[in-house]
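To start, the structure under review is shown below, and the notes come after it.
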Amino acid sequence: MTVRVRIAPSPTGNLHIGTARTAVFNWLFARHCGGTFILRVEDTDTERSKPEYTQNILDGMQWLGLNWDEGPLFQSQRLDLYRQSIQTLLDNGSAYRCYTSNEELDTLRAAQEANHQAPRYDNRHRNLTPEQEAAFIAEGRRPVIRFKIDDDREITWLDLVRDEVTWKGSDLGGDMVISRAADEHELGQPLYNLAVVVDDIDMQITHIIRGEDHIANTAKQILLYEGLGVAVPTFAHTPLILSDEGKKLSKRDGVTSIDDFKHMGYIAPALVNYMMLLGWSSPDAEELFTLDVAAPQFDLDRVHKAGGKFDWDKLNWINSQYIHAMPAEQLLPELIPYWQAAGFKLDPEADRSWLLQLTSLIGASLARLDECVEISRVFFTDTVTLNEEAATKIAQPGAKEVLTSLLMAMQAKSDFTEIEAQELIKQVTKEQNVKKGVVMQSLRAALTGEVHGPDLIQSLLLLHQHHLAVPRIQQALG
RNA sequence: GGCCCUAUCGUCUAGAGGCCUAGGACACCUCCCUUUCACGGAGGCGACAGGGAUUCGAUUUCCCUUAGGGCUACCA
């Protein structure tokens, strides 16, 4: 039996980090087993589902490198399939029409809550006589279809990450609605649990890997498999991604969509790497690896049971490791859009060599791509403003003289090599009889307006190439 | 309220009865490299929630307590 797994996002929002992480585990499991990874879009909630969300999810999956083998399939296009199964359940007596009104349900729940009881449907319409049904229909009630859940039933399954899980039928909230209200002899819109089971059966899914927030659904779904007379697949419930407060990460926690991470300057392999590490550890204790490297060693056995808090520090570190490992040729095209968005004037073609040098210069300073804007700002602006500390450096004894010497040398020569620049610094230091620090500090201050920054010699070279060094030193000298 | 799940450094985790004086990574601190800031390198700080039981021996097994989380829809 070949392994078939799926990721089944609901297009009611952009691709969420939690969904993406579940997709990562499914992808890894499929690739590890040489199985098939399927993408199914669960859009049975027509109110909340939006095409743009579907697009966002598809784009996000692709960006992350989570390629799927089959799909995307859309539940909204498979309604007939669900209706057939609903009819089957009706025919074999495991489902029935329920005419309880919302008001009656509300009253019931309110009473249960008042008595500190768990809210649940009391199965009051489970055995209606034809006469009773006719009476409700005559009242104009539109029935839902409920699937019978026996209270004394015990549901147990062997979960691939949390071993044996047991659930009592009485804790499932009574007979479950599988089809929305419709006219008396119609089959209404199928509901989540029914659609999922029918699809998983139809698509011959062998392993259902999803977040632990689905555990109660699993109990219900197992009953549905039985009602439909089909073998139950294997389940695995992964731990949830938690916020700082230790709660399930939700849209309210700020950045949660893959899109957001992308725009913040995280790169796909780093984000995926972090998601893999959140809840799973590789047997050899490695922490930096791609999907392809992780797949052969991926195993649900090594998935942790407890939820994990999302840690920005660790993500930033992983992201920085990937960025630092990128050669300038590869990194440059990633940075250009950020520079352009910041309004920096640059010509990717004509300035290519200069941009590559700049990229090499700042690469090691970047933890996120977007940081390239602030770090390299002084290389793109016409003038700089000295901050307080920088002004102090230029005001220190000997600084003016040093800068004047440097200025003259640079006016005389339009391009320096690194060796020549170092030689020049050395020479000026000796000439002016100052400490090297004075030269370096005043030069940096004049050039960038700041006292911190990337390698000074490299910065000088780059600025001089673009004719920015001379005017800035002049400006600093007043 | 009910049910279910979970519990190792601040965080992510390794650990499947003696290998543990509990290992790694991030963060933090110190030092080195360096004109600076980063990067990089070397150290340091730092945890088995509590109580029972089983055992010659428990981080590891069992029970209870506590804490945290999830679920409790005609959403998915």
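In what follows, every chain begins at residue 1, and chains take the letters A, B, ... in the order their sequences are listed.
- The phosphate of B/G2 has neither OP1 nor OP2 within less than 4.0 Å of any side-chain N or O from A/Arg109.
- The distance from atom CG of A/Asn316 to atom P of B/C26 is 13 Å, rounded to the nearest whole Å.
- Going from the C1' atom of B/A25 to that of B/G44 covers 16 Å, rounded to whole Å.
- Position along RNA chain B of the nearest nucleotide to A/Leu242 versus A/Thr166 favours A/Thr166 as the more 5'-ward residue.
- Contact annotation for A/Ala285: no contact, since no heavy-atom pair falls under 4.0 Å across all strands.
- Between A/Trp280 and A/Phe29, the ring center distance fails the sub-6.0 Å criterion.
- For the pair A/Tyr82 OH and B/C74 C1', the interatomic distance rounds to 17 Å; values are reported in whole Å.
- Comparing atom distances between the A/Leu240 side chain and each of B/C75, B/G70, B/G2 picks out B/G70 as nearest.
- In this structure, B/A67 forms a base pair with B/U6, meeting either the Watson-Crick or the G-U wobble geometry with both donor-acceptor distances under 3.5 Å.
- The side chain of A/His304 contributes an N or O atom lying less than 4.0 Å from OP1 or OP2 of B/U13.
- Contacts of A/Asn115 with the nucleic acid, taken as non-hydrogen atoms under 4.0 Å apart, are absent.
- What separates CG of A/Asn14 from C1' of B/A76 is a distance of 16 Å, to the nearest Å.
- Using a 4.0 Å heavy-atom distance criterion, A/Lys247 is classed as a sugar-phosphate-only contact.
- Across all strands, A/Gly437 comes closer than 4.0 Å to no nucleic acid atom at all (heavy-atom distances).
- Applying the Watson-Crick and G-U wobble criteria (two distances, each under 3.5 Å), B/C28 pairs with B/G44.
- Rounded to whole angstrom, the span from the CZ atom of A/Arg444 across to the P atom of B/A38 amounts to 12 Å.
- Judged by distance alone, with hydrogens and angles left aside, the side-chain atoms of A/Arg141 form a donor-acceptor pair with the main-chain N or O of A/Tyr99 at under 3.5 Å.
- Atom CZ of A/Phe235 is separated from atom C1' of B/C5 by 17 Å (rounded to the nearest Å).
- A 6.0 Å sphere centred on NZ of A/Lys247 holds no more than 12 heavy atoms belonging to other residues, nucleotides or ligands.
- Under 3.5 Å, the side chain of A/Asn217 and the base of B/A76 form at least one donor-acceptor pair of N or O atoms.
- At a threshold of 4.0 angstrom between heavy atoms, the contacts of A/His214 include nucleobase atoms, whether or not backbone atoms are also involved.
- Positionally, the nearest nucleotide of RNA chain B for A/Glu164 lies more toward the 5' end than for the other of A/Glu164 and A/Ser179.
- Rounded to a whole angstrom, the distance from the C1' atom of B/U30 to that of B/G15 is 30 Å.
- In this structure, A/Ser281 reaches the B/A14 phosphate: one of its side-chain N or O atoms is under 4.0 Å from OP1 or OP2.
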* Take A/Glu450 and A/Arg377 through the test salt bridge (charged side-chain N to carboxylate O under 4.0 Å, His left out) and record every step on the way to the result. => CA-CA 12 Å; A/Glu450 297 178 33; A/Arg377 172 158 258 130; over 6 Å; no
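- Under the Watson-Crick or G-U wobble criterion, with both distances below 3.5 Å, B/U55 is left unpaired in every strand shown.
- Heavy atoms of A/Gly173 sit nowhere under 4.0 angstrom from any nucleic acid atom.
- Residue A/Asn14 forms a side-chain hydrogen bond (donor to acceptor under 3.5 Å, both in side chains) with just one option from A/Thr256, A/Asp259, A/Asn56, A/Thr19, and that option is A/Asn56.
- Here A/Arg126 pairs with A/Asp150 in a salt bridge; the nearest charged N to carboxylate O distance falls below 4.0 Å.
- Note: CG (A/Asp159) to P (B/C71) measures 16 Å, nearest angstrom.
- If you check every strand for non-hydrogen atoms under 4.0 Å, A/Gln321 touches sugar and phosphate atoms only.
- Across B/U8 and B/A49, the matching P atoms stand 6 Å from one another, rounded to whole Å.
- Atom CD in A/Gln75 sits roughly 9 Å away from atom C1' in B/A76 (whole-Å rounding).
- Contacts of A/Val177 with the nucleic acid, taken as non-hydrogen atoms under 4.0 Å apart, involve only primed sugar atoms and P, OP1 or OP2.
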* A/Asp151 and A/Arg120: salt bridge (charged side-chain N to carboxylate O under 4.0 Å, His left out), yes or no, with the steps? -> CA-CA 11 Å; A/Asp151 277 356; A/Arg120 69 194 307 273; 2.8 Å; yes
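- Remark: B/C33 base-pairs with no nucleotide; criterion is Watson-Crick or G-U wobble with both hydrogen-bond distances under 3.5 Å.
- In terms of polar N and O atoms assigned as donor or acceptor, the side chain of A/Arg162 never comes within less than 3.5 Å of the base of B/C5 in a complementary pairing.
- Using a 4.0 Å heavy-atom distance criterion, A/Glu287 is classed as a base contact.
- Dashed line: the shortest gap from a side-chain N or O of A/Gln441 to OP1 or OP2 of B/C37 is not under 4.0 Å.
- Residue A/Lys436 places at least one side-chain N or O under 4.0 Å from the OP1 or OP2 atom of B/U35.
- Spacing between atom CE of A/Met176 and atom P of B/C75 amounts to 11 Å, rounded to whole angstrom units.
- B/A22 is unpaired under the Watson-Crick or G-U wobble criterion, no partner having all donor-acceptor distances under 3.5 Å.
- A/Gly279 comes within 4.0 angstrom of the backbone, heavy atoms only, and of no base.
- A 3.5 Å limit on both hydrogen-bonding distances identifies no Watson-Crick or G-U partner for B/A38.
- Within the 4.0 angstrom heavy-atom criterion, only backbone atoms of the sugar-phosphate kind lie near A/Ala216; the bases stay farther away.
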* Apply the test salt bridge (charged side-chain N to carboxylate O under 4.0 Å, His left out) to residues A/Arg78 and A/Asp202: give CA-CA distance (whole Å), side-chain angles for both, the deciding distance (0.1 Å), then the verdict. => CA-CA 11 Å; A/Arg78 300 158 60 84; A/Asp202 182 63; 2.7 Å; yes
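- Dashed line: the shortest gap from a side-chain N or O of A/Arg180 to OP1 or OP2 of B/C75 is under 4.0 Å.
- Looking at heavy-atom distances under 4.0 Å, A/His116 makes contact with sugar-phosphate atoms alone, never a base.
- Using a 4.0 Å heavy-atom cutoff across all strands shown, A/Asp43 reaches no nucleic acid atom at all.
- Residues A/Pro454 and A/Ile362 come closest through the heavy atom pair CG-CG2, 4.3 Å.
- For the pair A/Lys248 and B/G69, the criterion of a side-chain N or O lying under 4.0 Å from OP1 or OP2 is not met.
- Among the heavy atoms of the strands lying under 4.0 Å from A/Leu456 is at least one base atom, whether or not backbone atoms are also near.
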